[in-house]
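None of these values were measured; they are calculated from a predicted model.
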Amino acid sequence: MLTHINKQGEAVMVDVGGKAVTVREARAAATIRMRPETREAILRADLKKGDALATARIAGIQAAKRTWELIPLCHNIPLDSVTVEFEPVGDDRIVVTANTRCSWRTGVEMEALTAASVAALTIYDMCKAIDRGMTVEQIRLLDKTGGKSDYHA
């Protein structure tokens with residue numbers, strides 16, 4: 001059964017008013033692939049636009065907080081915590097991982113996914129002058145806990 005569709009086939013926001021308030025956490029990731037020299041410039045914070053990772057971290061946090069404005073039918077969730085981390089992989093990738101947590105009636109998966117996506121897109125924006133061939137790949141939910149079920153990729 002689709003929870004965002006009513007009996008008439010119309011889109012609706014799910015009523016979470018009857019759900020229990022529990023601690024809910026989610027972790028999502030996105031990978032950005034680039035030329036090795038681009039990755040090195042990012043890691044050295046040697047870009048004309050400034051520190052790409054610091055800017056991407058702030059962008060990811062802001063995106064998580066505004067997910068409800070970006071994704072139709074998402075609830076405005078009172079987030080307790082959002083973190084965004086970066087891990088260089090190989091010589092041509094950076095994996096962005098976003099962690100979200102709240103005590104509320106619905107989960108924070110979309111907030112984690114949005115944070116990871118926007119952080120990766122921000123890296124692209126900060127570096128596009130030197131590497132327009134970058135790709136954002138593998139946007140994925142890694143795990144979520146709380147509510148009726150847990151998920152682990």
Distance-only, no hydrogens or angles: does the [X] side chain make a donor-acceptor pair with backbone N or O of [Y] under 3.5 Å?
X    : Y    : answer
H75  : V14  : yes
K65  : P78  : no
T100 : V108 : yes
Y124 : R132 : yes
R33  : G133 : no
R24  : R101 : no
R27  : L142 : no
K48  : G50  : no
D131 : T38  : no
N99  : V82  : no

Between [atom1] of [X] and [atom2] of [Y], what distance do you get to the nearest 0.5 Å?
X    : Y    : atom1 : atom2 : value
E85  : I94  : CD    : CD1   : 14.0 Å
W104 : T106 : CH2   : OG1   : 6.5 Å
R66  : Q62  : CZ    : CD    : 8.0 Å
L43  : L53  : CG    : CG    : 6.5 Å
R105 : D15  : CZ    : CG    : 9.5 Å
C127 : R35  : SG    : CZ    : 10.0 Å

How close do [X] and [Y] get, counting heavy atoms only, and between which atoms?
X    : Y    : result
A116 : V96  : O-CG1, 3.9 Å
S117 : L113 : OG-O, 2.8 Å
D150 : T145 : OD1-CA, 3.2 Å
A98  : A112 : CB-O, 3.5 Å
I130 : L47  : CD1-CD2, 3.7 Å
A120 : A30  : CB-CB, 4.1 Å

Same cluster or not: [X] versus [Y], using hydrophobic residues (I, L, V, M, F, W, Y) connected whenever any side-chain heavy atoms lie under 4.5 Å apart?
X    : Y   : answer
V136 : I42 : yes
I139 : F86 : yes
L79  : I61 : yes
V23  : I77 : no

*Hey, mind stepping through S103 and T22 against side chain to side chain contact (heavy atoms under 4.5 Å, CB included) and telling me if it holds?*
CA-CA 5 Å; S103 295; T22 62; over 6 Å; no
Among all residues two or more places apart in sequence or in another chain, which pass the side chain to side chain contact (heavy atoms under 4.5 Å, CB included) test with [X]?
X    : result
Q138 : T31, R140
A63  : T114, V118
D125 : K49, K128

*Polar contact flag, side-chain donor to acceptor under 3.5 angstrom, R57-T55*: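 Their side chains do not contain a donor-acceptor pair, so the 3.5 Å distance test is not met.
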*Do T97 and V84 have side-chain heavy atoms sitting under 4.5 Å apart?*
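T97 vs V84: side chains apart.
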*State, yes or no, whether a side-chain contact exists between R39 and P88 at a heavy-atom distance under 4.5 Å.*
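Contact flag for R39/P88 side chains = yes.
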*Determine, step by step, whether K144 and S149 satisfy the side chain to side chain contact (heavy atoms under 4.5 Å, CB included) criterion, reporting the C-alpha distance in whole Å, the side-chain angles of both residues, the deciding distance to 0.1 Å, and the verdict.*
CA-CA 8 Å; K144 76 88 152 177; S149 65; 4.1 Å; yes
